[in-house]
Amino acid sequence: MRWGVLVLVLALLKGAPIRETLEVIADKFVADDKKHITTIEGHVHIKKGKDTLNANKVIIYTNAKRKPVKYEAMGAVQFHLVTQDGREVEGHSDRLIYDAIKQEYRLLQNAVVNEVGKINSIKGEEIILSKERGYADVLGSKDKPAKFVFDMDDIQQEQKKQKQKKSQEAPKQNSKEASPKSKTHESH
């Protein structure tokens, strides 16, 4: 079993960029090579780059090549992530499932996500975050509706940036369309 854990850690590191390492700390590691799972229990702390995950228990599911395809964290789940555009988010839930192929996080039961340094937050029974695509889907329940809190100044500034970007791109496209096409003359 110890070899299974070592191979899993090496497989995790193989998928990570050279300068980024994966650090896993816990009380207990148990690998089941036949089922392609590794169970990590007790004070679990996982760090990859600037991203961290803390939980009571994490199960890592791997493919036949021992490459992680899914992580499932349970009990006192807390996380901190940096998005592709550099924003930092942190939060907690009772359960978290990370799909390594889609790069998508599903926070389940009592899920909360906050943008670090801002008032922006979302709460729900299920929150789906795409780190790569930068979206969030939030589902509530009858007893616990989804809740959003956003700083409107941030939204207005983002809309202003998008308008400026579009207005800067429009003259470039118009100038390409208006530029005279050179004609070539053939001599016989």
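Treat the numbers as computed from the prediction; the structure is a model and nothing was measured.
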When rounded to the nearest 0.5 angstrom, what distance separates [atom1] in [X] from [atom2] in [Y]?
X: Ile60; Y: Ile46; atom1: CD1; atom2: CD1; result: 5.0 Å
X: His43; Y: Lys57; atom1: NE2; atom2: NZ; result: 15.5 Å
X: Glu125; Y: Ser93; atom1: CD; atom2: OG; result: 10.5 Å
X: Ile101; Y: Lys70; atom1: CD1; atom2: NZ; result: 10.5 Å

For [X], what residues pass the side-chain contact (heavy atoms from CB on, under 4.5 Å) criterion, not counting sequence neighbours?
X: Glu72; answer: Tyr61, Met74, Arg95, Ile97
X: Lys35; answer: Asp32, Ile37
X: Asn63; answer: Lys65, Lys67, Val69
X: Ala55; answer: Val58, Ala73, Val77

Search all heavy atoms of [X] against all heavy atoms of [Y] and return the closest pair with its distance.
X: His92; Y: Leu107; result: O-CD2, 4.1 Å
X: His36; Y: Ala64; result: CE1-CA, 3.8 Å
X: Ile40; Y: Val44; result: O-CG2, 3.4 Å

Margin query: I'd like to know if the side chain of Thr52 reaches the main chain of Lys47, judged simply by a donor and an acceptor atom lying under 3.5 Å from each other, with no hydrogens or angles considered.
Written below: no
Check: Sub-3.5 Å donor-acceptor pair from the side chain of Asp51 to the main-chain atoms of Val82, do we have one?
Finding: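 The answer is yes, because a donor-acceptor pair under 3.5 Å joins these two groups.
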Note to self: According to side-chain hydrogen bond (donor to acceptor under 3.5 Å, both in side chains), who are the partners of Gln78, at least two apart in sequence or on a separate chain?
What the structure shows: none
Check: Asn54: what forms a side-chain hydrogen bond (donor to acceptor under 3.5 Å, both in side chains) with it, not counting sequence neighbours?
Finding: His45
Margin query: Please determine whether side-chain contact (heavy atoms from CB on, under 4.5 Å) holds for the pair Arg87 and Glu115, giving the CA-CA distance in whole Å, both sets of side-chain angles, and the decisive distance to 0.1 Å.
Written below: CA-CA 7 Å; Arg87 291 180 295 132; Glu115 188 171 356; 3.2 Å; yes
Item checked: Distance-only polar pair, side chains of Asp94 and Gln109, donor-acceptor under 3.5 Å ->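 The criterion, which ignores hydrogens and geometry beyond distance, is not satisfied for Gln109 and Asp94.
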Next item on the list: Find out if a path of hydrophobic residues (ILVMFWY) with successive side-chain heavy-atom gaps under 4.5 Å connects Leu108 to Leu81.
Entry: no
Notebook entry, point to check: What orientation do Tyr71 and Tyr98 show, parallel under 30°, tilted 30 to 60°, or perpendicular over 60°?
Noted result: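 It falls in the tilted class, 30° to 60°.
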Item checked: Val89 and Asn114: CA distance, side-chain angles, deciding distance, side-chain contact (heavy atoms from CB on, under 4.5 Å) verdict -> CA-CA 6 Å; Val89 295; Asn114 299 307; over 6 Å; no
Next item on the list: Any chance you could lay out the side-chain contact (heavy atoms from CB on, under 4.5 Å) test for Thr39 and Phe29, step after step, and finish with the verdict?
Entry: CA-CA 6 Å; Thr39 303; Phe29 291 77; over 6 Å; no
